[in-house]
Amino acid sequence: MAKPIAKIGIGWLLCFCLSGSLLAGQEKAQDRRKSLDPKTETSDDPRRIPAQPGPRGPEGVIVLRGGRIFDGTGAPVRDGTVVIRRNTIEKILPVGATDWPKEARLLDITGKTVMPGLIDAHTHIDYAETETAAFLDISEADAMLRAVERARFYLECGITSIRDVGSLHDVPFRLKEWVSQNRVPAPRVFPAGAFITSTGGHGAEGIDPDILVPKSTRLAEGPDQWRQAVREQFNRGADLIKVGSHFSREEVKAAVEEAHALGLKVGCDAETFYIQWAVEAGVDVIEHPLPRTDETIQLMARKGTESVPTLVPYAYIFDQWGGYFGSTSRRFTFSKEANLEVLRRMKRAGIKLGIGTDLVIDWFRYLPLPYISELKSFVEAGFTIPEALAAATRTNSEILDMSDKLGTLEPGKLADVAVFEGKPDQNLDDLAKVDIVIRDGYLVVKNGEVVIPRHITVVPPQPKEKSGRTFQRE
Ligand SMILES: [Zn+2]
């Protein structure tokens, strides 16, 4: 969803999402894990960059004792204890076992439900609000502060990872880096960088490309530029590529081929026949519940194309504006019921479906309600509540290409964990009752509030005698 520009109207309510893929034989992103010894440590992202070996995360052991464990694997909920060492889930103990070090930090969660950290598979972390002045809308400083403010909202909902499918400037990349150092309270960020489309495409409709194109959009014309645009996002640090109609078949194929060679998946915001073209080209994830033919749905199922349907932002648009008007990238009729039907058809076809909220303007203030609403739509479309929660955790980790490290509570996985009062696996409204959130082994939310420990003072170096060093202000 693109941010509507203030006072211009609903026509600007656009959403940027698109993914692309290749023709048969080059269908999936190249997997660097095939070239890496499993013992080789890498970055905790789809880029899999070899990293300096050594301990990661905070020192010590955290024990979440006596909770109801929903582990995201499909296993029934059971009572037990989760033991976290540094940034890793070390073990899951049965009730009664006390096999942890004496110095461990013990948190009693008896009667509460412990789950894998939730994932939001469709965010725009730094889009401006409707009333934001135009000069602040494009301000990198303001965009960074917007992202930092918003990140806290997600974290307080138990969301420990976001798949950011289009943001301004270098904001999502810098935020990702600071989160990895635990220097700001936020979920892990998996950024796409700028959304790639062509002149007049989604998010750039009617805009003079020489003057006004938002920094969250990269316009590209022709296959060579689409390939170049992908390389630019990779160079900035992208964990995925996001593309959107309008495009030619050759353009989307070029983008997908380049992204897959670099090891990145492609997500795509497309409409009607462009969805078919995107799927044929090998796009990995189709965003949104926009209309598509049965032929396209069957092709998605055959090719293993995933989808993040994002029903909730469209529900807000229909409720708040009465329709989606004035957009040349939305030239079709749709409705809340029609969107739900697209979800039902995709589920019936066996397509892998993830949970994403696509919150733009000030909708992040509604959290956690949009996230819960999206899950409830999944239930309405035929998922059981545990299946919907698995979509929010395990399936979303697969969509991120991170299922070997995130998405379930299992020994060896990264310690992204959320604890809720009540039983979210029976009543989704209990997801609003967040108690504890742990991201990468750090206790970041306690009693439902972000924890920011007091800084640790660093003692300055002692004066050196006769060091010969001088410090002089110019
Ligand atoms: Zn979007």
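When a residue number appears, it is its place in the shown sequence, counting from 1. Atoms within a ligand are numbered from 1 in the order they appear, just like the ligands themselves.
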Using 2.8 Å as the threshold, say whether any N, O or S atom from Asp358 sits that close to the Zn ion (ligand 1).
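Here the distance criterion (N, O or S atom, under 2.8 Å) is met by Asp358, so yes.
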
Closer than 2.8 Å to the Zn ion (ligand 1), do we get an N, O or S atom from His288, backbone or side chain?
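Of the N, O and S atoms in His288, none lies under 2.8 Å from the Zn ion (ligand 1), which means no.
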
What N/O/S atom of His124 is the closest to the Zn ion (ligand 1)?
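Output for this pair reads NE2.
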
Is the Phe318 ring parallel, tilted or perpendicular to the Tyr314 ring (thresholds 30°, 60°)?
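Taking Tyr314 first and then Phe318, their aromatic rings sit tilted (interplane angle of 30° to 60°).
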
How are the rings of Tyr366 and Tyr316 set to each other: parallel, tilted or perpendicular (split at 30° and 60°)?
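Judged by the thresholds at 30° and 60°, the geometry between Tyr366 and Tyr316 is perpendicular.
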
Given the rule in the salt bridge (charged side-chain N to carboxylate O under 4.0 Å, His left out) test, do Asp319 and Lys336 qualify, once you have shown the distances and angles that lead to the verdict?
CA-CA 9 Å; Asp319 288 346; Lys336 283 198 277 190; 2.7 Å; yes

Pair Asp126 + Arg174: basic N to acidic O under 4.0 Å
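Result for this pair is no, no salt bridge flagged.
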
